[in-house]
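Structure first, commentary second.
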Amino acid sequence: MITLQKIVLRRSQKVLLEDINLTLYAKQKIGLIGDNGCGKSSFFAMITGELEPHQGMVTLPNNLEIAQVKQEIPTTSRAAIEYVIDGDRRYRALETILDKAIEEGDAHSLAKCHDELASTDGYAIIGKAEKILRGLGFHSHQLQQPTKDFSGGWRMRLNLAQALMGRADLMLLDEPTNHLDLDAIIWLEKWLQDYAGTLLIISHDREFLDNTVSHILHFEDKQLRLYRGDYSSFEKQRAQQLAIQQSTYEKQSAQIAHMQAFIDRFKAKASKAKQAQSRMKALGKIELVAAVQTRASLQFNFKIPKECPNPLLRIEKAVIGYNLDTPVLTGVDIQIAPSDRIGLLGVNGAGKSTFIKILAGILQPLSGLVHFYKGIKIGYFAQHQIEHLDLQLSPVKLLQNTATNTSEQALRSFLGSFNFSGEMATSPVENFSGGEKARLALALIVWQAPNLLLLDEPTNHLDMNMREALILALQEYTGALILVSHDRHLVRTTTDELILVADKKISRFRGDLEDYRDSLLQKKTNPDPATQKKSPKVNRQLEVELKALEKELSQLQKQKSKLDKMLADPAFYEKEDPAIVKRVTQEQEQLCQKISKIEERWLVLSEG
């Protein structure tokens, strides 16, 4: 249980939270949402003790083990798997004690260490680390690779893996999907669904929240409000709450106006003075309900392209990559029409971004043909474009470089639709946040009125409001769209066709995102193709045992799900006897241990 009492939280002179009283219960899985800068990350810092509240008290259970993803990027020569195992601090401590006991010949300490290793699944530590790393997209040959040899994005995945490796009672995840592809996100969702501790997640990915959390903690106007349910449920509850508040405000306003009119009319008349005084007292005691303050929602539209050739471009028998000896994609044949709205699927490194660069004309094929038809106008968004913005210039100046014959007032008006108004429109970009830079890069593309829009992970730094504005704009966009995104809500609502990039090929994916998810999970339950070389008899035995394990896992997961639901309900702790609470908690822990052992056995069998 985490308790906040009369909290006032500040960053420098800015008040983030004011007079907060809140209780979070063990086993709850909570998504933190709110505008950028509202205090979500500072809330995490307060929980971990890195930031002290200006007033009030934060109370945490004794010996609470907290896991959090490191923000610094590892640059050591330590092997990836060893770096990840470091996340299990208790295991590393036992290793040190064990080494000392061996050196000193201390039989008692040796026995004690081995007993604890056995009881805490310490002997399965390597298998657990491998499972996490594979789930996050690492291959077997990378497990012994030094951390410094990985790119920045993959090193952030190592930090996430290290956090997942620990035995945390409380896990704090701040935008954990930013460096993941869809395959890894789907795996992470399953891992978090099975996580037995308390979970706090900051995320702007609504579908990820829908699949992982049981509560939403909403940050607004320096206040916190906890909602039961996932993000979609929060949206409905919030809408109903605002409707009720506005209705109550309007009724109250009418009542106050009526009372005030009576007072104004009769307070000077002796015969009605007593009644007027009575109404004045009643008026003074009314607890006022505030009107709903609707925030100005972001809204913009893509310009209608002046012309749109059909087709826009064609690729024939192309080999794509950076080296003919090791191509990224081969045999690429595709034609893009003005009506195409395509989402690209595939793991990181499969070639999605490389394919996008070919479409953008940034990269030439190693062989084959790319034909751009007359009149094509491409708008291309990728993360590296944000980095290439001239940081010394303002939004107005950057747009003026593109729109040389447009008045400054017209440019300011356009930028205002992206929330770059007033001083912000003339401030240097170097002072902007990552989300503001991404929003500006999108604005510069929108101004160009492209008839082919190429978006490579456009939402990584965007908040909920901007994501929804982008979705609405893309739904109205009349040109062709090619999209790479791990935001399934964005893909689902703006594209109508999926292309899979895998095994150096691109191919139409016959299905939707749910089918893609199912196909990924199916791959994880099937043995590696190399195991098919075993005799039919061995394969049948493996299949029988795997199915038995899967059946047992399913039954145990159902039991655990019931206990999770029970333990996540604050009412359970209030109504039930402490002995019953303890028994149910122990039962849940035992189930988790059983599930872990069966999963390890299943993993060994499935990999042959």
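The model shown is predicted, which means the values in this text are computed figures rather than measured ones.
With ring centers used as reference points, F234 lies under 6.0 Å from H218.
The list of salt bridge (Lys or Arg N to Asp or Glu O under 4.0 Å) pairs with a residue in residues 196-218, not counting sequence neighbours, reads R206-E235, R206-E468, E207-R492. Applying the ring-ring contact (aromatic ring centres under 6.0 Å, His included) test to pairs two or more places apart or on separate chains, those with a residue in residues 128-155 are F138-F150, F138-W154, H139-H141. The salt bridge (Lys or Arg N to Asp or Glu O under 4.0 Å) contacts involving residues 447-464 comprise nothing, where partners must be two or more places apart or lie in separate chains.
Classification of D181 and R157 as a salt-bridged pair holds, one side-chain N sitting under 4.0 Å from a carboxylate O. Taking the charged nitrogens against the carboxylate oxygens, E497 and R510 have no contact shorter than 4.0 Å, which rules out a salt bridge.
Ring geometry for F43 versus F219: interplanar angle over 60°, hence perpendicular rather than tilted (30 to 60°).
With sequence neighbours excluded, the residues that form a ring-ring contact (aromatic ring centres under 6.0 Å, His included) with F418 are F300, F414. Listed by chain and residue number, nothing satisfies the salt bridge (charged side-chain N to carboxylate O under 4.0 Å, His left out) test with K317 (two or more places apart in sequence, or in another chain).
With rounding to the nearest 0.5 Å, the separation of OG1 in T330 from CD1 in I506 is 10.0 Å.
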May I have the list of side-chain donor-acceptor pairs in residues 362-378 shorter than 3.5 Å, sequence neighbours left out?
unit_1: Y373; atom_1: OH; unit_2: R314; atom_2: NH1; d: 2.1
unit_1: K377; atom_1: NZ; unit_2: Q448; atom_2: O; d: 2.8

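A cation-pi geometry, defined here as NZ or CZ lying under 6.0 Å from the six-membered ring centre and within 45° of its normal, holds between R439 and F420.
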